[in-house]
2 protein chains.
Amino acid sequence: MLERSIQQFIERYLSVSFLVHKRGAALMKCELDDITHDQYYVLRYIHKRGVCTSTELADVFAVNKSAITAMTNRLVEKGMIARGKDEDDRRVIALSLTEKGRKWLEETEQNVYELVETIMTKLSHEEIEQFIQTYEKLAMILQEMEENK
Amino acid sequence: MLERSIQQFIERYLSVSFLVHKRGAALMKCELDDITHDQYYVLRYIHKRGVCTSTELADVFAVNKSAITAMTNRLVEKGMIARGKDEDDRRVIALSLTEKGRKWLEETEQNVYELVETIMTKLSHEEIEQFIQTYEKLAMILQEMEENK
DNA sequence: CAAAATAGTTCAATTGTTTAACTATTTAAT
DNA sequence: ATTAAATAGTTAAACAATTGAACTATTTTG
């Protein structure tokens, strides 16, 4: 039997997390013109890593590799990313941003940052720091859970 | 120009929030057999409200009404919800859980709660409480932003 | 070297979504 | 009281994200 307070935490968490994700996505969509919310995060991730593979993206975003193939196809069609060869392993496709993709991302990050900023500045620095720290702990816990499965 | 610390917060928040949502959804999917992640949250919401309308769901989840029509069609086909009439306004469709839907949700909540619990109990009560409070503030801020648009 | 593992793609199917056009009903304005 | 505007919901066409199974090509391993 679950402890009562934990049960209430879970209830509140489930209610609020889905809402914030949905509403946040709806707001961000306004800044992304042609690119979808999901595609934006893939571009962000590739940019942060410089170069990455389908398998890595599939692991990070917890989806099948075929979902990544479909996504990257769309991003290649839009001219945002390019597929390259890996010297060491000819099975591997190296994904990276094109010049167009890099420019688009830099411009868009500006607008996204401004959007997130108008929200964040309604909280104190301490509160934001604490919130993000806990969020990062959750991310690590989830990652460990998947690895031990 | 953005303050440097705020910019780092935004960077960390964007990175972590998408990941936690994706990985959380992937984990929850295991508990939901035939029902999708999105459908689960719709069922939860209807259950919490007792009865609700398409328009309300569209507002809450920040999607178009036609998306709700499609979703509710699938949930009706699966026997989880029913469409009823509204006495006062014959345009309105009253959505509610069927007996099957109510039972399924109660059983499933048990499993979902256990899943979330194994994650949450790795944090202290104080940390969880603070995290959820901030999350709820964010939800309110997002709601206000949409209302003033 | 043969078998097993890995990286990625293809294809068919399902789900969630948007937009525009539509029906039915209610509210409001003159 | 009647008409015009607003509201609730549906339909249809299109696209994006996803899964799962079957597949090719390459590398690793026993």
Side-chain angles (χ1 to χ4, degrees), chain A residues 18 21-30 32-43 45-46 51-78 80-96, chain B residues 18 21-30 32-43 45-46 51-78 80-96:
Chain A
F18 193 72
H21 177 80
K22 280 289 212 176
R23 291 171 170 280
L27 272 176
M28 273 181 60
K29 224 187 70 174
C30 307
L32 302 182
D33 39 89
D34 195 30
I35 297 295
T36 69
H37 190 237
D38 287 310
Q39 287 169 2
Y40 168 69
Y41 281 100
V42 169
L43 290 177
Y45 185 84
I46 296 176
V51 169
C52 82
T53 67
S54 289
T55 301
E56 182 177 352
L57 285 173
D59 283 347
V60 168
F61 294 115
V63 297
N64 281 6
K65 285 191 295 183
S66 54
I68 300 297
T69 300
M71 278 265 270
T72 50
N73 279 342
R74 289 180 209 110
L75 288 170
V76 168
E77 278 166 27
K78 288 178 181 172
M80 306 300 265
I81 66 175
R83 288 189 167 98
K85 306 242 168 189
D86 183 298
E87 301 288 295
D88 302 336
D89 188 336
R90 288 192 298 170
R91 291 170 304 182
V92 174
I93 306 286
L95 301 169
S96 59
Chain B
F18 193 73
H21 177 80
K22 279 289 212 175
R23 291 172 169 281
L27 271 176
M28 273 181 60
K29 224 188 71 175
C30 306
L32 303 182
D33 40 88
D34 196 30
I35 297 295
T36 69
H37 190 237
D38 287 310
Q39 288 169 0
Y40 168 68
Y41 282 100
V42 169
L43 291 178
Y45 186 83
I46 297 175
V51 169
C52 83
T53 67
S54 289
T55 301
E56 182 177 352
L57 285 173
D59 283 347
V60 168
F61 293 115
V63 296
N64 282 5
K65 284 190 297 184
S66 54
I68 300 296
T69 300
M71 278 266 270
T72 49
N73 279 341
R74 291 181 204 110
L75 287 170
V76 168
E77 277 165 27
K78 288 178 181 173
M80 304 301 265
I81 67 175
R83 288 188 166 98
K85 305 241 168 189
D86 183 300
E87 300 289 293
D88 302 336
D89 188 338
R90 289 191 298 169
R91 292 170 303 183
V92 174
I93 305 286
L95 301 170
S96 59

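Convention: sequence-line order gives letters A, B, ...; per-chain numbering from 1. Values below: all heavy atoms of this structure, side chains included; hydrogens, waters and symmetry mates excluded. All values derive from a computational prediction rather than experimental measurement.
Regarding K78(A), its NZ atom lies at a distance of 11 Å from the P atom of dC15(D), rounded to whole Å. In this structure, D38(B) atom CG and dT18(C) atom C1' are separated by 15 Å, rounded to whole Å. Across the protein-nucleic acid pair, I68(B) atom CD1 and dT7(D) atom C1' stand 17 Å apart, rounded to whole Å. The CG-C1' distance, from L32(A) to dA16(D), rounds to 14 Å in whole Å. The separation between D33(A) atom CG and dT18(C) atom P is 17 Å, rounded to whole Å. Remark: P of dG8(C) and NZ of K85(A) are 13 Å apart, rounded to the nearest angstrom. H21(B) has its NE2 atom 12 Å from the P atom of dG16(C), to the nearest Å. Rounded to whole Å, the distance from CG on L75(A) to C1' on dA17(D) is 12 Å.
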Can you give me the N/O atom pairs linking the protein to nucleotides 20-24 of chain D at distances under 3.5 Å, or say none if there are none?
from    : atom 1 : to     : atom 2 : distance (Å)
dG20(D) : O6     : S66(A) : OG     : 2.8

Would you tabulate the nitrogen or oxygen pairs shorter than 3.5 Å linking the protein to nucleotides 24-26 of chain C?
from    : atom 1 : to     : atom 2 : distance (Å)
dT25(C) : O2     : R91(B) : NH1    : 3.4
dT26(C) : OP1    : R90(B) : N      : 3.0

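In this structure D89(B) satisfies the side-chain hydrogen bond (donor to acceptor under 3.5 Å, both in side chains) test together with R91(B), sequence neighbours excluded. For N73(B), the side-chain hydrogen bond (donor to acceptor under 3.5 Å, both in side chains) partners at least two apart in sequence or on another chain are R83(B). For R23(A), the salt bridge (charged side-chain N to carboxylate O under 4.0 Å, His left out) partners two or more places apart in sequence, or in a different chain, are E146(B). Scored by the side-chain hydrogen bond (donor to acceptor under 3.5 Å, both in side chains) test, R90(A) finds no partners at all (sequence neighbours excluded). Evaluation of the side-chain contact (heavy atoms from CB on, under 4.5 Å) rule for A82(B) yields T98(B) as partners, not counting sequence neighbours. Scored by the side-chain hydrogen bond (donor to acceptor under 3.5 Å, both in side chains) test, S54(A) finds no partners at all (sequence neighbours excluded).
Relative to the side chain of S54(A), the nucleotides dT9(C), dA16(D), dG16(C) differ in distance, and dT9(C) lies closest. Candidate nucleotides dG16(C), dG8(C), dA16(D) were compared by shortest atom distance to the side chain of T36(A), and dA16(D) ranks first. Of the candidate nucleotides dT9(C), dT19(D), dT11(D), dT19(D) has the atom lying nearest to any side-chain atom of V63(A). Among the nucleotides dA17(D), dG16(C), dT15(C), the one closest to the side chain of M71(B) is dG16(C).
At the heavy-atom level, T69(B) lies under 4.0 Å from base atoms of the strands shown.
Taking the six-membered ring for Trp and thresholds of 30 and 60 degrees, H37(A) and F18(B) have ring planes more than 60 degrees apart, a perpendicular arrangement.
Along DNA chain C, the nucleotide nearest A62(B) and the nucleotide nearest E56(A) are compared for position; the residue whose nucleotide lies closer to the 5' end is E56(A). Each of Q39(A) and I93(B) lies near DNA chain D, and the nucleotide nearest I93(B) is the one positioned closer to the 5' end.
I35(B) is listed as a side-chain neighbour of L75(B), based on a closest heavy-atom distance under 4.5 Å.
Listed by first then second residue, pairs satisfying salt bridge (Lys or Arg N to Asp or Glu O under 4.0 Å) with a partner in residues 53-65 of chain A read R49(A)-E56(A), not counting sequence neighbours.
Checked options V51(B), T53(B), V92(B); the residue passing with D86(B) is V92(B) (criterion: side chain to side chain contact (heavy atoms under 4.5 Å, CB included)).
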